[in-house]
Amino acid sequence: MPSVELEQETIERLDALRVEDESYDELVTELINIYETSEYTLFHAGD
C-alpha cells in the first residue's frame with residue numbers, strides 16, 4: 001500500500017473532522033465520496 005506524508009496542519013484538520021474512533025481511512029473515503037457526489041451533481045446540473 002502506498003504511503004502518504006501529511007503536514008501537521010493537514011493532520012489537525014483531519015482530526016477536527018473525525019468522529020469518535022473513526023480511522024483516517026474511513027474519513028478520507030467519506031471525503032472522497034462527498035467530493036465525487038458533488039462533482040457528479042455539478043456535472044449533471046447542466047442537463
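Positions are given from 1 along the sequence.
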Smallest separation among heavy atoms of Leu14 and Leu27, with atom names: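 Heavy atoms only, the tightest pair is O-CD2, 3.3 Å.
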Would you give the length of the straight line joining atom CD of Glu36 to atom CG of Leu31, rounded to the nearest 0.5 angstrom?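 The distance works out to 11.5 Å.
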Test Ile32 against every option in Val28, Ile34, Thr29 by the side-chain contact (heavy atoms from CB on, under 4.5 Å) rule and name the one that passes.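 The single option meeting the side-chain contact (heavy atoms from CB on, under 4.5 Å) with Ile32 is Val28.
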Under the side-chain contact (heavy atoms from CB on, under 4.5 Å) rule, collect the residues that match up with Gln8, sequence neighbours excluded.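 For Gln8 the side-chain contact (heavy atoms from CB on, under 4.5 Å) partners, ignoring immediate neighbours, are Ile11, Glu12.
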Count the heavy atoms belonging to other residues, nucleotides or ligands that lie under 6.0 Å from CZ of Arg13, then report whether that count exceeds 12.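 Atom CZ in Arg13 is not packed in, count stays at 12 or less.
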Are the side chains of Leu17 and Tyr24 in touch, meaning some heavy atoms are under 4.5 Å apart?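 Leu17 vs Tyr24: side chains apart.
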